[in-house]
Amino acid sequence: MGCDGSVLLDAAPADGVEGEKGVLQNANSLDGFEVIDDINTALDNVCPGIVSCADILAIAAEISVSLAGRPSWDVLLGRRDGRTSNSADAAASLPLGGDSLDILTSKFSVHNLDTTDLVALSGAHTFGRVQCVVITNRLYNFSGNNGQFDPSIEPEFLQTLRRQCPQGGSGTTRVNLDSTSPDSFDNDYFKNLQNNRGVIESDQILFSSTGAHIVSLVNRFAENQSEFFRNFATSMVKMGNVRTLRGTEGEIRRDCRRIN
């Protein structure tokens, strides 16, 4: 798993492609693959075999953030597409909603991403949605105690989330990750954490933890949107260089969903 377009591949066991779309962190959550397909088709009509699916994905990420309110950054290009996709690697590497701060930090540090990157990139949850199944335990069965809730949730917000995700209800119902401005890219996510209104446990833990440095970063980004934007852009460039393929490595896929 890296910035080689592996997440775009459909599972194809005969080709040795396990696929990452079905792992717990991605299942019924990742979307928009048809948009990448359309962009790839348009590019191939003009310059076939030149632009990788991995680069398309990186550019699309920057444009989607910019269109939602900024920031923007220079996307480094030249990535090649991988020829495999490892579901076990993806499952082990991607953050989970119930991860502790130590586990989150470890998952990022493996890719040379530090705590500033962790907090800044978590700010991407200023827009997007999460399925109720991810947060149900926080609302009704926190730490295995039936009927108990995560005490770090602000009481009024707890009731709001319980109405959106009733006990025994559909686990696929989606909830806004940022209840204040769900469709805008801004620093409201961090303000929500300060008010104990983080939706996912691994979000709220950034403020509710005892790690002073982590908490101070949340406070800085909540108070200064421009600083958040600058750090987010820097961290996106760093993350965009994780385990890339260059030169003659990999390939330029004709179809982003399958290897050539």
Side-chain angles (χ1 to χ4, degrees), residues 1-87 89-90 93-94 121 123-131 172-174 176-178 181-186 232-233 235-237 239-260:
M1 188 191 78
C3 296
D4 62 354
S6 59
V7 71
L8 301 173
L9 288 170
D10 290 336
D15 294 325
V17 177
E18 297 176 0
E20 301 170 18
K21 296 177 181 178
V23 302
L24 179 62
Q25 296 95 319
N26 292 337
N28 300 314
S29 178
L30 292 184
D31 205 351
F33 296 107
E34 68 282 353
V35 176
I36 303 299
D37 293 337
D38 290 345
I39 296 171
N40 186 49
T41 297
L43 284 170
D44 271 353
N45 287 336
V46 178
C47 48
I50 301 298
V51 183
S52 69
C53 298
D55 273 352
I56 292 172
L57 195 59
I59 295 169
E62 190 277 334
I63 292 174
S64 65
V65 170
S66 182
L67 289 175
R70 286 190 264 220
S72 61
W73 58 93
D74 293 330
V75 180
L76 301 178
L77 303 176
R79 299 171 187 80
R80 303 267 293 178
D81 296 320
R83 292 182 49 80
T84 187
S85 182
N86 189 307
S87 58
D89 187 12
S93 299
L94 293 171
L121 292 170
H125 285 174
T126 185
F127 59 10
R129 317 285 185 266
V130 64
Q131 295 184 83
T172 59
T173 298
R174 298 187 181 189
N176 292 326
L177 286 167
D178 177 352
S181 53
D183 298 317
S184 298
F185 197 96
D186 52 34
F232 182 82
S235 295
M236 283 296 290
V237 173
M239 186 172 67
N241 283 317
V242 170
R243 292 167 63 174
T244 57
L245 301 178
R246 303 282 180 174
T248 59
E249 298 175 311
E251 64 185 16
I252 304 295
R253 285 187 217 133
R254 290 186 292 271
D255 182 338
C256 290
R257 295 175 184 255
R258 52 189 56 86
I259 62 175
N260 293 342

Item to check | Check: Leu77 and Val75 side chains under 4.5 Å, non-hydrogen atoms | outcome: yes
Item to check | Minimum heavy-atom distance Phe33-Val7, with the two atoms named | outcome: CE2-O, 3.9 Å
Checklist outcome for this item: Note: Arg243 and Asp89 closest approach over all heavy atoms is NH2-OD2, 3.0 Å
Checklist entry - Under 4.5 Å between any side-chain heavy atoms of Phe185 and Pro71, yes or no? => result yes
Next on the checklist: Taking the basic N atoms (NZ, or NE/NH1/NH2) and the acidic carboxylate oxygens, is any pair closer than 4.0 Å for Asp10 and Lys21?
Outcome noted: yes
Item to check | Over all atoms of both residues, closest heavy-atom pair of Cys3 and Arg79 | outcome: O-CD, 3.6 Å
Checklist entry - Is it true that Asp31 and Arg129 make a salt bridge, defined as a side-chain N closer than 4.0 Å to a carboxylate O? => result no
Next on the checklist: Using side-chain heavy atoms (C-beta onward) and a distance below 4.5 Å, is Arg80 in contact with Ile252?
Outcome noted: yes
Item to check | Residues Asn241, Thr244; criterion side-chain hydrogen bond (donor to acceptor under 3.5 Å, both in side chains); working and verdict | outcome: CA-CA 6 Å; Asn241 283 317; Thr244 57; 5.0 Å; no
Item to check | Phe232 backbone acceptor or donor facing Ser235 side chain under 3.5 Å | outcome: no
Checklist entry - Strictly by modelled atom types, are Glu20 and Ser6 linked by a side-chain donor-acceptor pair under 3.5 Å? => result yes
Checklist entry - Heavy atoms, side chains only, cut-off 4.5 Å: are Leu9 and Ile259 in contact? => result yes
Item to check | Minimum heavy-atom distance Ser87-Val23, with the two atoms named | outcome: O-CG1, 3.4 Å
Next on the checklist: Met236 vs Leu121, test: side-chain contact (heavy atoms from CB on, under 4.5 Å). Steps then yes/no.
Outcome noted: CA-CA 7 Å; Met236 283 296 290; Leu121 292 170; 3.6 Å; yes
Next on the checklist: Contact between His125 and Asp178 at the side-chain level, heavy atoms closer than 4.5 Å - yes or no?
Outcome noted: no
Item to check | Smallest separation among heavy atoms of Leu76 and Asp55, with atom names | outcome: O-OD1, 4.1 Å
Checklist entry - How close do Ala54 and Gly5 get, heavy atom to heavy atom, and via which atoms? => result CB-N, 3.6 Å
Next on the checklist: Whether the side chain of Ser29 engages the backbone of Val130 through a donor-acceptor N/O pair (distance < 3.5 Å, no angle test) should be reported.
Outcome noted: no
Item to check | Among Asn176, Val65, Asp186, Asp183, the one residue meeting side chain to side chain contact (heavy atoms under 4.5 Å, CB included) with Phe127 | outcome: Val65
Next on the checklist: Suppose the criterion is side-chain hydrogen bond (donor to acceptor under 3.5 Å, both in side chains): which pairs have a residue in residues 249-260, not counting sequence neighbours?
Outcome noted: Asp37-Arg257, Arg83-Glu251, Asp255-Arg258
Checklist entry - To the nearest 0.5 Å, how far apart are CD1 in Ile59 and CD1 in Ile39? => result 8.5 Å
Next on the checklist: Could you measure the distance from the CG atom of Asn45 to the CG atom of Asn40? Nearest 0.5 Å is fine.
Outcome noted: 9.5 Å
Next on the checklist: A quick test of your reading: do over 12 heavy atoms of other residues, nucleotides or ligands sit less than 6.0 Å from CG of Asp74?
Outcome noted: no
